[in-house]
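Both counts, for ligands and for their atoms, begin at 1 and track the order of listing. Atom set for the values below is all heavy atoms of this structure, side chains included, hydrogens, waters and symmetry mates excluded. It should be emphasised that the depicted structure is a prediction, and the values quoted were computed from it without experimental measurement. Heads up: numbering here begins at 1 and tracks the sequence.
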Amino acid sequence: MTTAARFITLEGIEGAGKTTVADRVTQALRARGITVHATREPGGTKCAERIRSVVLDRGEEHISATAETLLMFGARQVHVDNLIRPALTRGEWVLCDRFTDATHAYQGGGRGVDRKLIETLAQAVHGDLAPDCTLLLDVPVRVGLERMQARRGAVDRFEIESAQFFERVRNRYLELARASPQRFRIIDATARLDEVCDAALAAVESTLNLPPVAAS
Ligand code: T5A
């Protein structure tokens with residue numbers, strides 16, 4: 001199947017279900033014969049994954065909100081240059097777990113970094129490149145945090161933040177979605193995981209005008 005390259009992003013607070021939804025949407029698109037690169041931020045390439053470790057690991061040194069913002073954009077520049085743009089140029093699709101909206105939500109909303117600084121860095125790092133479709137998996141903070149805690153495992157620099165921090169992140173995401181209704185689709189991520197996946201896939205199909213595939 002030949003289709004123009006598309007850039008899809010998934011956003012939401014911790015525990016929203018992005019990882020599972022990303023897998024499901026990727027498989028559904030590949031089943032249509034579309035070449036899809038499933039990737040994530042911060043990270044997605046060897047070098048950007050190293051920056052991910054720096055910014056997520058709970059080391060001893062203080063990392064300010066500005067430093068955190070610069071690290072996110074440093075990783076993003078490497079990711080855009082080495083993976084995202086080359087794939088889109090080849091006509092392939094990219095599905096990315098988080099992108100610049102996450103910087104607006106976490107560093108802007110959560111940490112209070114100036115919106116203009118984020119916009120300036122975004123312009124410098126990826127210019128006009130913007131997602132064609134962004135799925136915001138929305139859950140109340142309490143639900144997201146409960147899921148995160150139930151999963152256990154190592155806790156990163158963001159997962160130690162307060163519920164108030166995540167309320168600010170969620171609110172900024174909802175503001176971004178209201179400001180760009182053509183690009184964003186808000187998915188109720190409190191539903192059962194398979195229902196969330198179905199809703200996400202339907203949202204991609206409708207936003208990108210893909211004909212739905214008949215259920216097998
Ligand atoms: N960050 C990132 C910034 O601050 N600025 C930036 O610019 C960028 C790009 C990334 C961190 O970096 C920050 C944000 C993040 O804090 P990460 O580990 O990639 O770190 O964090 P997340 O993307 O949030 O990963 P999570 O795994 O926490 O969240 P997901 O992927 O949304 O959730 P998922 O799918 O792993 O599910 C979590 C658990 O909930 C269950 C799942 O089974 C799993 O156990 N679950 C459900 N259970 C019942 N019903 C449902 N509908 C469920 N959905 C999920």
Side-chain angles (χ1 to χ4, degrees), residues 9-26 38-45 48-49 51-58 63-80 83-84 94-113 115 117-119 121-122 125-126 131 134-163 165-170 172-173 176 186-201:
T9 54
L10 283 168
E11 299 283 357
I13 63 167
E14 268 69 2
K18 295 181 303 301
T19 308
T20 314
V21 169
D23 286 349
R24 170 77 185 279
V25 171
T26 301
T39 184
R40 68 173 181 181
E41 290 209 343
T45 72
E49 289 288 331
I51 302 174
R52 177 187 175 92
S53 301
V54 170
V55 74
L56 294 191
D57 287 356
R58 291 166 64 193
I63 297 181
S64 71
T66 305
E68 196 177 272
T69 305
L70 294 170
L71 287 165
M72 293 297 176
F73 274 110
R76 184 161 299 133
Q77 180 84 71
V78 173
H79 190 208
V80 165
L83 192 155
I84 298 178
V94 175
L95 189 149
C96 192
D97 186 342
R98 301 189 182 283
F99 194 60
T100 293
D101 294 311
T103 315
H104 281 290
Y106 282 78
Q107 282 65 53
R111 305 263 196 239
V113 171
R115 187 189 298 258
L117 173 63
I118 297 174
E119 286 170 354
L121 289 168
V125 166
H126 53 85
T134 298
L135 304 179
L136 173 56
L137 303 190
D138 183 49
V139 278
V141 168
R142 183 184 50 78
V143 175
L145 295 185
E146 278 170 9
R147 287 179 187 168
M148 198 171 77
Q149 279 151 12
R151 194 180 42 186
R152 300 215 184 109
V155 173
D156 68 33
R157 280 185 59 251
F158 291 94
E159 291 167 347
I160 55 171
E161 288 297 337
S162 64
F165 172 86
F166 288 109
E167 291 291 355
R168 294 195 298 276
V169 173
R170 182 187 183 208
R172 183 61 61 89
Y173 267 135
L176 292 165
I186 301 177
I187 310 286
D188 173 7
T190 60
R192 285 202 344 255
L193 200 42
D194 56 342
E195 290 172 20
V196 177
C197 289
D198 287 346
L201 190 54

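- Per-residue contacts place T20 under 4.0 angstrom from the following atoms of ligand 1 (heavy atoms of the residue considered): 35 (O).
- R172 has its side chain within reach of R115: a pair of non-hydrogen atoms, C-beta onward, lies under 4.5 Å apart.
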**OP:** Using the side-chain contact (heavy atoms from CB on, under 4.5 Å) rule, take F165 and R111 through it: C-alpha gap first, then chi angles, then the decisive distance, then the call.
**Re:** CA-CA 8 Å; F165 172 86; R111 305 263 196 239; 3.5 Å; yes
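- More than 12 heavy-atom neighbours from other residues, nucleotides or ligands sit within 6.0 angstrom of CZ on R157.
- Close contacts of ligand 1 with P42, meaning ligand atoms under 4.0 Å from a residue heavy atom, involve 2 (C), 8 (C), 9 (C), 12 (O).
- Any N or O atom pair closer than 3.5 Å counts here, and M148 shares no such pair with ligand 1.
- At a threshold of 4.5 Å between non-hydrogen side-chain atoms, the residues Y106 and T69 do not count as touching.
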**OP:** Would you check, one step at a time, whether the test side-chain contact (heavy atoms from CB on, under 4.5 Å) holds for E41 with I84?
**Re:** CA-CA 11 Å; E41 290 209 343; I84 298 178; 4.3 Å; yes
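- Contact annotation for Q107 and ligand 1: only side-chain heavy atoms (C-beta onward) come within less than 4.0 Å of the ligand.
- Contact analysis puts A189 in contact with ligand 1, with a non-hydrogen atom separation below 4.0 angstrom.
- A salt bridge does not link E161 to R168: none of the charged side-chain nitrogens sits closer than 4.0 Å to a carboxylate oxygen.
- Residue R147 places at least one N or O, backbone or side chain, under 3.5 Å from an N or O of ligand 1.
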Original post:
Would R151 and E14 satisfy salt bridge (charged side-chain N to carboxylate O under 4.0 Å, His left out), going step by step from the backbone distance to the final call?
Top reply: CA-CA 11 Å; R151 194 180 42 186; E14 268 69 2; over 6 Å; no
Quiz: residues 193-201 side-chain donor-acceptor pairs under 3.5 angstrom, not counting sequence neighbours:
{"residue": "D194", "atom": "OD1", "partner": "R192", "partner atom": "NE", "Å": "3.3"}
{"residue": "D194", "atom": "OD1", "partner": "R192", "partner atom": "NH2", "Å": "3.2"}
{"residue": "D194", "atom": "OD2", "partner": "R192", "partner atom": "NH2", "Å": "2.8"}
{"residue": "E195", "atom": "OE2", "partner": "R192", "partner atom": "NH1", "Å": "3.1"}
{"residue": "D198", "atom": "OD1", "partner": "R24", "partner atom": "NH1", "Å": "3.3"}
{"residue": "D198", "atom": "OD1", "partner": "R24", "partner atom": "NH2", "Å": "2.5"}

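- Using a 4.0 Å cut-off between heavy atoms, R98 contacts ligand 1 through its side chain alone, with no backbone atom that close.
- No part of V21 comes within 4.0 Å of ligand 1, judged by heavy-atom distances.
- Distances below 4.0 Å separate heavy atoms of T103 from the following atoms of ligand 1: 6 (C), 7 (O).
- Residues passing the ring-ring contact (aromatic ring centres under 6.0 Å, His included) test with H126, sequence neighbours excluded: F99.
- Relative to the six-membered ring of F73, R76 meets both conditions, a distance below 6.0 Å and an angle of at most 45° to the axis.
- For the ligand labelled ligand 1, residue R76 lies inside the 4.0 Å heavy-atom shell.
- Taking only non-hydrogen atoms, the option from E41, K18, R151, R111 nearest to atom 36 (O) of ligand 1 is R151.
- One option in A102, G15, A75 has a heavy atom closer to atom 8 (C) of ligand 1 than any other, and that option is A102.
- Taking 4.0 Å as the cut-off, A191 counts as a neighbour of ligand 1 on heavy-atom distance.
- Atoms of ligand 1 lying under 4.0 Å from at least one heavy atom of L56, given by number and element, are 11 (C), 12 (O), 20 (O).
- Ranked by closest heavy atom to atom 17 (P) of ligand 1, the top entry among Q149, E161, R52 is R52.
- Annotation: M72 places no N or O atom under 3.5 Å from an N or O atom of ligand 1; distance criterion only.
- Remark: atom 42 (C) of ligand 1 lies closer than 4.0 Å to no protein heavy atom.
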